[in-house]
Amino acid sequence: MKQLSTSWALVRASHPLPAVAVSAVATGLALGSDRGPASAACAIAAVLAGQLSVGWLNDLVDAPRDARVGRTDKPLAAGEIRPAAVRAAFIASALAAVVLSLFSAPLAAAAHLAALACAWAYDLGVKATAFSVVPFAIAFGLLPAFLSNGDPFPPPWLIAAAATLGSAAHFVNVLPDLADDAATGVRGLPHRLGPLPSRLATAALVLTTSLLLVLGPDGPPSPLALGTVPLAVTILVTGFMLDNRPRSRAAFRAVMLVALIDVALLLHTGISAA
């Protein structure tokens, strides 16, 4: 029973939902590329291992701060698991991500290694600076380049769309924790902007992603893709209009919904559109 409890705590410390979400998007992009089945499997496994390493490193670095603000949802801060176990998991997953990346073409492997370096740098301190969004923009922007295996190299609009979606993910991830972060001295870009400007920035980023994915590919956009732009605008406007109530999360949910539409568009467009 204790072993099961420790394993579950280790899973929770990895930030499983973001890891699975990013890996699911990576799966769609890898399968839509010109990679063979074995190559695609290696790339997907590299992304998953990398995401797990980022989650475990994040909780290792943040454990003292999480404990100070009473984050009982964090296994390390709550004392449910020893730091040594999380540290070992981080090292193993980081090594796996690096090794699995090397099975790709050199340019693609370099793209993923650079993305991993950005993500780890965020955990190690960039998150507390005015440049906190930069690692997300670079890491997500490089993801299509890795998953395409460099052949063909993704067009600029696809890299830009992935970067803006990643930047929006940063704001969405930080917004619920603004108060706790501020209490422990973490002042990334969303903290410096404040809640409302950060929500507006997130909305602008996800809408920009939609426009890039609809208008970027060669040829006229499909009616389905074109229809997502007014839909996204309607969702965002409605969400912000309903957000004037105390403790409302309408704007946050609207941004999340448009982000999901963007992910669907990204998978629909795929690397094969390059």
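Along the sequence shown, residues carry numbers from 1.
In this structure, H112 and F146 have parallel ring planes: the angle between them is below the 30° cut-off, well short of the 60° mark.
Both L48 and L10 are part of a single hydrophobic cluster, where members link through side-chain heavy atoms under 4.5 Å apart. Linking ILVMFWY side-chain heavy atoms closer than 4.5 Å, directly or via other members, places V98 and Y122 in two distinct hydrophobic clusters. L113 and F153 are not part of a single hydrophobic cluster, where members link through side-chain heavy atoms under 4.5 Å apart. Hydrophobic clustering (ILVMFWY, side-chain heavy atoms < 4.5 Å, transitive): L147 and L158 are in one cluster. Following chains of ILVMFWY side-chain contacts shorter than 4.5 Å, one cannot reach V134 starting from F140, and the two form parts of different hydrophobic clusters.
Nearest heavy-atom pair across S198 and L193 is OG-CB, 3.8 Å. The shortest heavy-atom contact between A97 and L116 is CB-CD1, 3.8 Å. The minimum heavy-atom distance linking P144 with G141 is given by the pair CD-O, 3.3 Å. Residues S23 and Q51 approach most closely at OG-CG, 4.5 Å, considering heavy atoms. Across every non-hydrogen atom of T228 and V214, the tightest pair is OG1-CG2, 3.6 Å. When every heavy atom of L76 is checked against every heavy atom of R82, the shortest pair comes out as CD2-C, 3.9 Å.
Here the CD1 atom belonging to I138 is positioned 14.0 Å from the CG atom belonging to L143, to the nearest 0.5 angstrom. In this structure, the separation between CG on D66 and CG on D59 is 6.5 Å, given to the nearest 0.5 Å. To the nearest 0.5 Å, the span separating CG on D123 from CZ on F90 amounts to 8.0 Å. Atoms CG and CG, on L29 and L266 in that order, are 5.0 Å from each other to the nearest 0.5 Å. Atom-to-atom distance recorded for M256:CE and L175:CG is 10.5 Å, nearest 0.5 angstrom. The CZ atom of F136 lies 11.0 Å from the SG atom of C118; values are rounded to the nearest 0.5 Å.
Residues I235 and I261 are in side-chain contact: their nearest non-hydrogen atoms beyond the backbone lie under 4.5 Å apart. With contacts defined as side-chain heavy-atom distances shorter than 4.5 Å, the pair V255/F171 does not qualify. Between S39 and F103, the closest side-chain pair of non-hydrogen atoms is not below 4.5 Å. Side chains of L57 and V86 form no contact here, defined as non-hydrogen atoms less than 4.5 Å apart.
Of the residues listed (I81, D62, N58), the one engaging K74 in a side-chain contact (heavy atoms from CB on, under 4.5 Å) is N58, and it is the only one. Among R192, K127, H170, the one residue that satisfies the side chain to side chain donor-acceptor pair (under 3.5 Å) test with S132 is H170.
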- Item | CA sep, side-chain torsions, deciding dist, call: T209, T164, side-chain hydrogen bond (donor to acceptor under 3.5 Å, both in side chains) | CA-CA 6 Å; T209 303; T164 52; 2.7 Å; yes
- Query: Run the side chain to side chain contact (heavy atoms under 4.5 Å, CB included) check on N149 and S33 step by step: do they pass?
  - Reply: CA-CA 8 Å; N149 208 22; S33 71; over 6 Å; no
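Cation-pi geometry between R187 and F131 is not met: the NZ or CZ atom fails to fall both under 6.0 Å from the ring centre and inside 45° of the normal.
S148 and R35 share no side-chain donor-acceptor pair at under 3.5 Å.
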